[in-house]
> 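I have a structure I would like to understand better, so I am pasting it below and will then ask my questions one at a time.
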Amino acid sequence: MEDSLHIATLTAEPGPIDVDWATTALLIIDMQRDFMEPGGFGETLGNDVSQLARAVAPIAAVLKAARETGMMVVHTREGHLPDLSDAPKAKVERGAPSLRIGDPGPMGRILIRGEAGHDIIPALYPVEGEIVIDKPGKGAFYATTLGADLKMRGIDTLLVCGVTTEVCVNTTVREGNDRGYRCIVLADGCASYFPEFHEMGLKMIKAQGGIFGWVSNSAAVLEAVSKQDVLETSSI
Ligand code: TIU
């Protein structure tokens with residue numbers, strides 16, 4: 001009976017999904033200054049970083065609700081060790097960026113752990129008790145403890161948001177789906193440097209009956225959380 005108090009139905013595509021907040025984690029992907037702000041990795045690749053700002057407020061709202069609900073919260077950061085020993089040559093030498101991974105930039109060395117640019121933006125900064133996963137790849141499961149951390153907490157469902165939709169969010173959702181997690185992507189909590197890739201990235205997840213997972217949004221999560229509060233109040 002106690003368990004049922006955590007359960008809510010979330011409006012999503014391709015269809016509604018029942019979620020139990022006790023076995024759900026909010027997974028916030030790479031909301032780092034290196035992707036969000038001028039002078040970081042994202043801009044060195046030639047991108048307009050202002051395209052990503054729209055995801056911040058929806059994520060902040062869901063993060064607040066998750067903290068109030070007691071949901072597990074995980075933040076990820078893409079980046080590499082200062083000696084680049086975990087950075088594949090093929091990644092460092094890719095393309096023709098204005099600055100390469102490890103080069104000194106206005107926010108410190110590009111995409112290097114411990115540098116200002118590598119850290120999470122102040123609006124979404126982790127608080128004590130939240131897990132921060134440092135990942136060398138695009139997916140959050142590859143070469144990290146994320147799988148073990150989720151297993152320890154009995155998590156089976158992931159609310160996924162962050163940047164960018166078609167790169168690190170999609171890669172993580174595909175990894176999570178293959179590992180048996182129900183992945184629910186929050187459309188307005190994700191963003192891409194390319195609006196058309198954002199749209200297609202979401203479509204790819206929910207197509208074919210939800211081939212990789214579900215697509216929902218921040219308002220649906222807030223509504224589901226508020227209904228759970230009513231349920232708990234009325235049961236006292
Ligand atoms: N370039 C791009 O769109 N994304 C990345 O390199 N990493 C993440 O998505 N975090």
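Not measured: the values here are computed from a predicted model. Atoms within each ligand, like the ligands themselves, are counted from 1 in listed order.
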> Hey, could you give me each pair passing salt bridge (charged side-chain N to carboxylate O under 4.0 Å, His left out) that has a residue in residues 148-158? Not counting sequence neighbours.
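Passing the test, one end in residues 148-158: no pairs.
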> Mind checking ring-ring contact (aromatic ring centres under 6.0 Å, His included) for F141 and listing every partner two or more places apart, or none if nothing turns up?
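F141: ring-ring contact (aromatic ring centres under 6.0 Å, His included) contacts with Y181.
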> Might you list the protein residues in contact with ligand 1, defined as having a heavy atom under 4.0 Å from one of its atoms, sorted by chain and number?
D30, F35, F41, L45, E78, K138, V163, T164, V167, C168, Y193
> Quick one: list whatever passes ring-ring contact (aromatic ring centres under 6.0 Å, His included) with F197, sequence neighbours left out.
F194
> State, without any angle test, whether T165 and H198 hold a side-chain donor-acceptor pair at a distance under 3.5 Å.
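Side-chain D/A pair, T165 to H198: present.
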> R182 pairs by side-chain hydrogen bond (donor to acceptor under 3.5 Å, both in side chains) with which of T157, N177, T23?
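Only one of T157, N177, T23 forms a side-chain hydrogen bond (donor to acceptor under 3.5 Å, both in side chains) with R182, namely T157.
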> Is it the case that the side chain of D34 and the backbone of F41 share a donor-acceptor pair, with hydrogens and angles ignored and the cut-off at 3.5 Å?
yes
